[in-house]
Amino acid sequence: MIRINDILEKISAYHPAAGLDVVERAYVYSAQVHAGQVRLSGEPYLMHPLEVANILADMKLDAVSVAAGLLHDVLEDTRATPKDLQELFSAEILGVVSGVTKLSTMPTSTSQERQAENIRKMFLAMASDIRVILIKLADRLHNMRTLRFHSPERRKAIAQETLDIYAPIAARLGIYWIKTELEENAFKYIEPEAYAQIENLVAKSRAERERYIASVKETIRARLEQAGLGGEVLGRSKNYFSIYTKMKEQNLSFDQVYDLTAFRIILETVSQCYEALGLIHSMWKPIDYKFKDYIGRPKPNMYQSLHTTVIGPVGERIEIQIRTVEMDRVAKSGIAAHWSYKEGSRIDENISQRFAWIQDLVENQESFRDPGEFLENVRIDLFPEEVYVFTPKGEIRALPRGATPVDFAYLIHTEVGHKCVGAKVNGQMVSLPYQLQTGDIVEVVTAKNHTPSKDWLKFVKTIKARSKIRQWIKSQEKERSISLGREILEKTFRKEKLNFTLLSKSEKMKEVVEQLGVKTLEDLIANVGYGKLTPLQVLRPFTAREAAEDGFQQSLIEKLMSRVRKKKPQAGVFVKGVEDILIKFGKCCQPVPGDAIIGYITQGYGVTVHRASCVNALRTNPERQIAVEWNTASNDTYPVKIQILSYDRVGLLSDIVGSISKSGANILSASSETKENKMVESYFTINVGDKAHLERILSHVRRVKQVQDARRVG
């Protein structure tokens, strides 16, 4: 059982000058407000913040971080208020604790929304103070250690979230010991059978493997001493989750996983690391594609090491990492190594610049309000198998594997991305979907009036590029919607002898905007353009009669007039809630009455009507779709294209044309071609009244001698 004195002793050991008073006061306050609370395990709740603080002390964090760890649950689980924390401690501690506190009181409708908002808030807090995520990781680590006390369903849900979000964050921050423990614990609850199987298989070969590790360590140590390098040599078996991942990804059995052991060589200088690499490669044959130089090209989380895999003794693959003492310290602690204390001072004052990716992640996620999309894109950002490319000036840029010149352009600047028309890679022009490779020198080619394409969304990999392209497309869609909405409203108001432009500036219009639940007049006009609101909804308040009597008299007059009023011809399609609007029919599918149809609002062209099954209709923006229906009272005819397949004979075309004409259809165009196999392929565009009329025509055509098939096209 951890005690507060143990934590204070740890802090004093790595930072003798630390002010321990704030830690002691945080402990006393936490004990007071958590008094009487117990965890699912039955132990006092205070044990949890103590364990979290102890993990933070193991990471050698500052006293404020440890104190915040002791207080991290008080705002959420006790009666403590932000004001209390600021008065009793400081604004700094309040800021860190607030960042860690979950949004459990938010009125979100689903657990997914709640999870998305918690993580979004965490990232926002991370961007301003990295200690938030360090405390959050310590909190999650202790929760995973005690996960067995939850229900099976809850265990699996927490474990999956840990694997999806928290383990990758620990990896991006370079805190690999936390990453490994989180993965192992999550694996145990997500795939309990697979975990038990691997645990059993590893246990069976443990004694033999320990002998093998000891033998290889001794061989490496002897070779290093012979070369005058010395250093420390460590060996270990790989963790269960990494073994399981390899088996699953490569479809291997346990016996086929050869590189189950990993070794680490720790030396004093960088030059010694490269010399040791040469010695290892002279002893055992290296596997070329497995070599990684993270010293010359560090990971974004500052991790540095040489990685090589060789065919070791008895033909077994072994992985070897070579690094300096300082690199090993950073590899173990990651960002915590740069937030901890060494001889009373912080090591790195530019830590926020080193981890600018956190700020990028925050900015990239601002445009994703859908929780599912947000969480998916967080996962993409946290699993970057990166490639490293160079700008023309020689600056290194990291991108996820599969990234394209468009991703690179948006990484440089949003405007560069918008205006990107091509790219030169290593001096040669490449297509925009080209996948960049490590070492490529990339130069973006831009054009002043160029704009993004919707097609880019099919191949871009980074969330920044995807979100910026979508933002641009949405802004263009809104401009088109405003233009069309204004046109529709002006026509509708004009029919009632009203001036929309003049009325849009009136107080009455402000009331209408508020009544219809939109923020601004521009939003109202755009919603009409999108089809979310009808122009009649906007018009009605301006044409309503103020007096009931006037309304009664007017209704009588209207009833009398309606008996003698001649109805003007109506169009073949009604648009729900909209009158007097331009209608056109999609040439791609040529709908006719009887077909299921859908309308799509287009700028300057009113509403285009498609068959509901039309591929082009399915690809349209749902926000621009509008309900339409056939006007059964209309006598209009509609063009439709048909294909006729037949064997060639004299008089064939004449008989087909005669059959169509007898069915009461007018032929608008015709073409016919005789193939090498003597089959005739004919296309006719004809006018029909409805779907039933079309079916009668096709039925009559099929009866013509030598006709094999007649069908609708599109």
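Note that the coordinates shown come from a computational prediction; the quantities given were computed from them, not determined experimentally. Quick note: numbers below take in every heavy atom, side chains included, and nothing from hydrogens, waters or symmetry partners.
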When you check the gap from the basic side-chain N to the acidic O, do [X] and [Y] get nearer than 4.0 Å?
X	Y	result
D21	R25	yes
E181	R145	yes
R323	D328	yes
E208	R211	no
E184	K188	no

is_close_aromatic(H307, F291), centroid dist under 6.0 Å: no

Close aromatic pair by centroid cut-off 6.0 Å: Y240 and F187: no

Can you see whether [X] engages [Y] through a side-chain donor-acceptor pair at a distance of less than 3.5 angstrom?
X	Y	answer
H72	D139	yes
D164	Q160	yes
N54	R3	no

Audit row: L71, F89, side chain to side chain contact (heavy atoms under 4.5 Å, CB included) steps and yes/no: CA-CA 10 Å; L71 299 167; F89 298 97; 3.9 Å; yes

Please tell me if the side chains of [X] and [Y] come closer than 4.5 Å, counting only heavy atoms from C-beta onward.
X	Y	result
L70	I4	yes
Y166	K136	yes
T78	H34	yes
L75	P82	yes
I322	R264	no

Derivation and outcome, side chain to side chain contact (heavy atoms under 4.5 Å, CB included), residues D58 and K10: CA-CA 7 Å; D58 286 337; K10 284 183 182 179; 2.6 Å; yes

Positive for side-chain contact (heavy atoms from CB on, under 4.5 Å) with L56, one of I11, L61, D62, I7: L61

Value rounded to 0.5 Å, distance of CD in E9 from CG in D6: 6.0 Å

H150 backbone acceptor or donor facing R155 side chain under 3.5 Å: yes

